[in-house]
Asker: 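First, the structure itself, so that you have it in front of you.
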Amino acid sequence: MPSKAAVSRLSTLGRWRLAEILFWLAAAASVPLLTEHHLVLTEIAIIALFAVSLDLILGYAGIASLGHTAFFGAGAYAAGLFAIHVTNDPLLGLVAGAAAAAVLGFATSFLVLRGADLTRLMVTLGVALVLGEIANKAGKITGGADGLQGVFMAPILGRFEFDLFGHVGYVYSLVVFFVLFVVARRIVVSPFGLSLLAIRDNPLRARAIGIPVNTRLTAIYTISAAIAGVAGALLAQTAQFVSIDVLAFHRSADALLMLVIGGTGYLYGGIVGAVAFKVLQEILSVWTPQYWTFWIGAILVAIVLIGRQRIGNGVMGIWARLLGKGGAA
Amino acid sequence: MSAVLETNALVKKFGGITATNAVTFALEKGARHALIGPNGAGKTTFINLLTGVLEPTSGRISLDGKDITNVKPEARVKMGLVRTFQINQLFAGMTPLQALGVAVSERQGRGSDWRRVVGTKATVTDEIVEVAERFRLIDVLEERTGNLAYGKQRLLEIALAFACKPRVLLLDEPAAGVPEAERAELLETIARLPDDVSILLIEHDMDLVFSFAKKITVLVDGTLFADGTVAEISNDPRVRAVYLGEGEHG
């Protein structure tokens, strides 16, 4: 029956596309092929995971946040303190980071859900600023402005010791990233994930078809916070240090920037954005160490004004023309 | 006949204005009932009270004899009280297939399931097929909602509500703005809604009211002005004076 066939295509949302598989194969290939870049790749994996967590609330549930680093920072400090005071097993540390961030996310979700966009921006920003100041003032616990020192991690699973060049740290970060990405990917194509899209598109109608809007938003906000917390925990563990910078405003802004560069609402935008952001940062900071933020800013303005779609079309157009010429010659 | 949806002395005040004034109303099981009234008569407020978007100042609402006055809007939907909107309230970024998938999953209580890919359960897809066929959306299931012809969007508007398996369906001007060419399909679909669904139609279009409804309630200035069969209402001189006479152009 043709109608059945059409409807059965709903579940193909969950199917892995070729481009995705190639992407993750390429990511895996970076382990043996790009050994010299493992430190920066670790950083990319961590900020990409962080950006993906932000995409879950921004791209899927329509919650704009200027303070998502509150959860990144909470996860980082929780993992760092957990390693110092409880046990330095990395995986348990990730759980601690996720749990701390999830609790914080759940508690603050009720503040965030109260208002509309502008209120949300201010509330999220406020929460992150407050946490930053607490971390700064509670120097006895957090190390204050000097950062949290003395984080020494045990080998992963008791076997793989973190090395100075970051090889183990990179594989570890990439695997954790991949696992959480698969979870996030499943969430967004589930009935739960689709109900978030419905809420994002039209909260009035979402409620009118029986979706408990606030419950769903609280749930995704908590999940997103937990994932951001794991990203923070990864940073604490691989750097074996927690800088107060994990709660700095620029981290929230950078994550938003990555989503602007890569696009929201399809999860890979965070990854594309993180890679582009970090690569641009590396190139520009070598080329013009003092002014690289100027160029990042200029590129951002260009992306927003011209539009990602049109840039994409332009690049494809040039590409097609080159191919066309090649064919004619 | 027993009432499925009832209000008892329902009042809603906005500051000094009384938008709904002691309305006692009953919708019978399987009803084809129209709610009419001039602009500003309080029809929208009344609907918002029924669905729980607004809280009444006083009075009670009951569904199947159960007091639902303090039940949340989404919980009322799960109890079978569902509405459509006068202005389409669709999910612009989703296809009709996805939107129906959400509605059906939610209705079956799978809305918080995050482990399963949507639409992998036959019970869900079967129900989507059923709704899509009833509302003639099969051919456009995978188009962008925003690109659909207006008549199809209007059908989707009702289909989303129908996917919630309503026992009471509130149709708010279902034919509003639909071009003549697409009107017949829409009206036919509405006429063929199952008998066990009780329907309250809020409408300006008197042709539609007279062809569809068996009973009519007239609301004027927030007050229940007249209530009766189509024949009674259309012959009521008071109704003709306040409403039908001036409503003919609208």
Side-chain angles (χ1 to χ4, degrees), chain A residues 1-16 56 59-62 180 182-220 222-224 226-227 263-266, chain B residues 51-53 72-79 82-85 88-95 97-122 124-130 132-133 137-142 145 157 160-161 163-164:
Chain A
M1 214 160 97
S3 51
K4 281 228 159 137
V7 171
S8 72
R9 281 201 288 278
L10 182 58
S11 62
T12 58
L13 271 180
R15 202 173 285 165
W16 286 78
L56 280 180
Y60 288 89
L180 286 178
V182 170
V183 172
R185 198 184 175 287
R186 173 51 64 94
I187 287 175
V188 301
V189 297
S190 69
F192 170 70
L194 234 58
S195 78
L196 296 175
L197 285 182
I199 293 169
R200 179 199 68 184
D201 277 1
N202 194 336
L204 173 74
R205 189 62 197 259
R207 218 171 252 127
I209 57 171
I211 298 173
V213 171
N214 285 355
T215 315
R216 294 285 155 78
L217 291 181
T218 295
I220 193 62
T222 306
I223 292 168
S224 162
I227 295 177
T264 58
Y266 73 106
Chain B
T51 55
V53 175
K72 283 186 179 173
E74 59 264 26
R76 292 185 199 195
V77 174
K78 296 210 161 127
M79 294 169 78
V82 192
R83 71 167 296 183
T84 68
F85 293 82
N88 280 339
Q89 299 292 337
L90 302 172
F91 305 115
M94 302 168 84
T95 63
L97 178 58
Q98 291 169 346
L100 288 174
V102 171
V104 169
S105 301
E106 196 66 47
R107 213 275 307 155
Q108 294 190 355
R110 303 175 194 285
S112 53
D113 181 356
W114 60 271
R115 276 162 300 197
R116 188 184 289 279
V117 176
V118 70
T120 41
K121 277 261 179 191
V124 174
T125 48
D126 288 351
E127 223 170 290
I128 299 173
V129 170
E130 200 187 306
E133 274 175 351
L137 292 166
I138 284 290
D139 300 331
V140 295
L141 275 177
E142 290 176 285
T145 296
E157 171 75 31
L160 281 178
C164 303

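Here is how names work: the chains are called A, B, and so on, in the same order as the sequence lines, proteins then strands, and each is numbered from 1. Bear in mind that the values here come from a model prediction, so they are computed numbers and not experimental data.
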Asker: Under a 4.5 Å heavy-atom cutoff, which of Gly93(B), Gly52(B), Pro73(B) has the most pairs with chain A?
Answerer: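 Of the options given, most contacts go to Gly93(B).
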Asker: How many angstroms lie between CD in Glu130(B) and CG in Leu100(B), if you round to the nearest 0.5 Å?
Answerer: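 Output value for this atom pair is 11.5 Å.
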Asker: Identify which of Arg107(B), Gln98(B), Lys72(B) forms the greatest number of heavy-atom pairs closer than 4.5 Å to chain A.
Answerer: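 The residue among Arg107(B), Gln98(B), Lys72(B) with the greatest pair count is Gln98(B).
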Asker: For chain B, which candidate among Ile223(A), Val189(A), Val188(A) shows the most heavy-atom pairs at distances under 4.5 Å?
Answerer: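 Between Ile223(A), Val189(A), Val188(A), the count favours Val189(A).
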Asker: Could you tell me which of Ala132(B), Gly119(B), Cys164(B), Ser112(B) has the largest number of non-hydrogen atom pairs under 4.5 Å with chain A?
Answerer: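 Of the options given, most contacts go to Ser112(B).
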Asker: Given heavy-atom pairs under 4.5 angstrom as the criterion, report whether the side chain, backbone, both or neither of Arg115(B) touches chain A.
Answerer: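 Contact with chain A is through the backbone of Arg115(B) alone.
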Asker: In terms of heavy-atom pairs under 4.5 Å with chain B, which of Ser11(A), Gly210(A), Gly14(A) leads?
Answerer: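 Max contact count across the listed options: Gly210(A).
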Asker: Can you name the salt bridge (charged side-chain N to carboxylate O under 4.0 Å, His left out) partners of Arg9(A), sequence neighbours left out?
Answerer: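 If we apply the salt bridge (charged side-chain N to carboxylate O under 4.0 Å, His left out) test to Arg9(A), skipping adjacent residues, the hits are Glu142(B).
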Asker: How far apart are the C-alpha atoms of Thr145(B) and Asp201(A), what are their side-chain angles, what is the distance that settles it, and do they pass the side-chain contact (heavy atoms from CB on, under 4.5 Å) test?
Answerer: CA-CA 11 Å; Thr145(B) 296; Asp201(A) 277 1; over 6 Å; no
Asker: Mind checking the CG-CD1 spacing from Leu194(A) to Ile187(A)? Nearest 0.5 Å is all I need.
Answerer: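 Going from CG on Leu194(A) over to CD1 on Ile187(A), the span is 13.5 Å.
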Asker: Between atom CG of Leu217(A) and atom OG of Ser224(A), what is the distance when rounded to the nearest 0.5 Å?
Answerer: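 The distance works out to 11.5 Å.
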Asker: Applying salt bridge (charged side-chain N to carboxylate O under 4.0 Å, His left out), name anything that partners Asp126(B), two or more places apart in sequence or on another chain.
Answerer: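 Scan of Asp126(B) (salt bridge (charged side-chain N to carboxylate O under 4.0 Å, His left out), adjacent residues dropped) gives Lys4(A).
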Asker: What part of Leu141(B) gets closer than 4.5 Å to chain A, counting heavy atoms only: side chain, backbone, both or neither?
Answerer: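 The answer is the side chain of Leu141(B).
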Asker: Does Asp113(B) use its side chain to pair, donor to acceptor, with the backbone of Pro191(A) at less than 3.5 Å?
Answerer: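 No; judged by distance alone, with no hydrogens or angles, the pair does not exist.
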Asker: So which residue, Gly101(B), Ala92(B), Gly111(B), ends up with the most heavy-atom pairs under 4.5 Å with chain A?
Answerer: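 Most heavy-atom pairs under 4.5 Å with chain A: Gly111(B).
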Asker: Heavy-atom distances under 4.5 Å only: say whether Arg207(A) touches chain B with side chain, backbone, both or neither.
Answerer: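 Answer is both: backbone and side chain atoms of Arg207(A) are under 4.5 Å from chain B.
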Asker: Please classify the contact of Thr51(B) with chain A as side chain, backbone, both or neither, using a heavy-atom distance under 4.5 Å.
Answerer: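 It is neither, since no heavy atom gets under 4.5 Å.
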Asker: Less than 4.0 Å between a side-chain N and a carboxylate O, is that true for Glu74(B) and Arg216(A)?
Answerer: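 Judged by the 4.0 Å cut-off on N to carboxylate O distance, Arg216(A) and Glu74(B) do not form a salt bridge.
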Asker: Go through the atoms of Val183(A) and report whether side chain, backbone, both or neither lie under 4.5 Å from a heavy atom of chain B.
Answerer: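 The answer is the side chain of Val183(A).
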Asker: Let me know if Ala161(B) has heavy atoms under 4.5 Å from chain A in its side chain, its backbone, both or neither.
Answerer: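 Interface part for Ala161(B): both.
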